[in-house]
Amino acid sequence: MSKVHTKNRIRRNLILHALLERRELSLSDLARETGISLPMVSQIVASEKGGKYIRTREEHELDRAGRPPILARLNGDAGFVVGIDMGHLNTNIIVLNLAQEVVAERHVPSARLGNDPGLIDWLERQVGAVVSQEKLRMDRLLGVGISLPGIVRGREGVSESYMNFDGKPVRDILHERFEKPVHVEHDAKAMALGERWFGAAKNVSHALCLNVGWGLGLGIIVEGRLLYGRDGYAGEFGHVEAVPDGRLCYCGRRGCLETVASGRAIAELARERLESGAVSRLTSTVKNRLEKIDTQLVVEAALAGDQFSIELLDEVGRHLGTGVSTLINLFNPEVVVVGGRVAGAGQAILNPIRTGALQQSHVKLGRDVKFVISRLGAKAGALGVAMLAARDLFEVDHLNPSAYV
Ligand SMILES: [Zn+2]
């Protein structure tokens with residue numbers, strides 16, 4: 001490829017990338033965002049106008065020169081990406097067009113997560129179902145993103161814990177199946193990216209996104225970017241020590257925060273205490289079969305005013321808050337977003353988290369932090385990986401754009 005061609009492709013991708021992030025921009029804002037000169041931006045947008053990706057319109061109000069400014073955005077009809085958030089219990093699939101509009105979604109109980117190659121067939125069926133549900137054309141599919149729990153090395157497309165087929169990256173296997181580029185991401189990071197693009201962390205430079213589901217995940221946003229660390233493992237908050245010599249964690253160590261502050265901990269603690277005679281409406285809800293108690297039931301009981309469940313969530317929330325106080329001291333966030341299944345408890349979990357966090361964090365740092373429940377709920381992860389798949393279409397990160405603008 002010639003150097004001129006490469007330069008033009010990079011400039012075009014920088015523009016498409018900026019439009020994907022910001023939805024609609026005037027040409028002068030595009031020039032400012034990308035560092036490309038205004039005449040060059042105008043030229044590229046004009047040459048792309050009849051093409052697939054860019055649409056323009058004129059602003060009603062005139063600019064200082066008395067001309068209507070031209071606004072550019074991505075063409076929603078250019079195609080779509082699919083985001084799949086596959087958890088232990090539920091799988092959420094969202095179809096997003098390039099104008100960042102959700103055009104279809106599907107929420108189904110998960111197939112059992114493991115290393116069975118049949119999972120690829122299952123995923124293909126689910127994606128086929130959501131695409132045909134809205135009568136979308138499969139040839140309009142541009143890319144796929146998938147988020148998984150466990151140990152994930154997104155950059156290499158590898159999931160070590162699940163869908164690990166003899167070490168072959170799950171990204172490559174799915175790529176062969178869908179015949180489109182695939183982006184693999186860790187569940188807590190996918191959720192944080194969903195919040196960053198669509199939710200409570202939007203337009204926020206510093207945020208902590210907690211995923212309190214079956215386990216406890218964390219996505220850390222610093223200077224507007226998600227923190228990955230060397231191998232992509234940054235944010236393993238669930239496995240910091242919270243209780244010296246405490247309960248055994250599945251990671252093999254004792255007293256991890258996740259053993260006292262996660263959906264799994266809530267269910268376990270509820271069962272144990274009810275077995276030892278504590279009183280709660282949960283006992284009759286499950287008709288004395290205490291092994292049936294899960295996180296969701298405790299959350300629902302708390303919302304219905306069950307004192308036992310309210311106190312349990314309070315205790316778990318405070319543990320979590322103590323952990324969060326350390327993060328506040330380290331990262332000085334503007335906002336702490338609480339998502340995942342347990343976030344369904346609303347203020348019953350948010351208040352103790354806030355109280356626990358403010359008791360322990362540096363007064364100055366804690367005072368102005370906003371604590372919010374995710375509005376996106378279970379959709380955050382699927383939205384996050386859908387956007388990752390969209391971003392890959394116009395990727396420039398592996399190049400050195402500054403040399404070309
Ligand atoms: Zn652990």
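Order of listing sets the numbers, starting from 1, for every ligand and every atom in it.
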Protein N, O or S atoms under 2.8 Å from the Zn ion (ligand 1): 4

Close side-chain approach of Leu312 and Arg273, heavy atoms under 4.5 Å: yes

Residues in side chain to side chain contact (heavy atoms under 4.5 Å, CB included) contact with Ser309, at least two apart in sequence or another chain: Ser280, Leu282, Val298, Ala301, Ala302, Asp306

Side chain to side chain contact (heavy atoms under 4.5 Å, CB included) partners for Ile44, two or more places apart: Arg11, Arg12, Ile15, Met40, Glu48

Among Val212, Asn90, Val299, side-chain contact (heavy atoms from CB on, under 4.5 Å) partner for Arg341: Asn90

Sequence-distant partners of Arg375, side chain to side chain contact (heavy atoms under 4.5 Å, CB included), two or more places apart: none

Side chains of Met163 and Leu148 in contact at under 4.5 Å (non-hydrogen atoms): yes

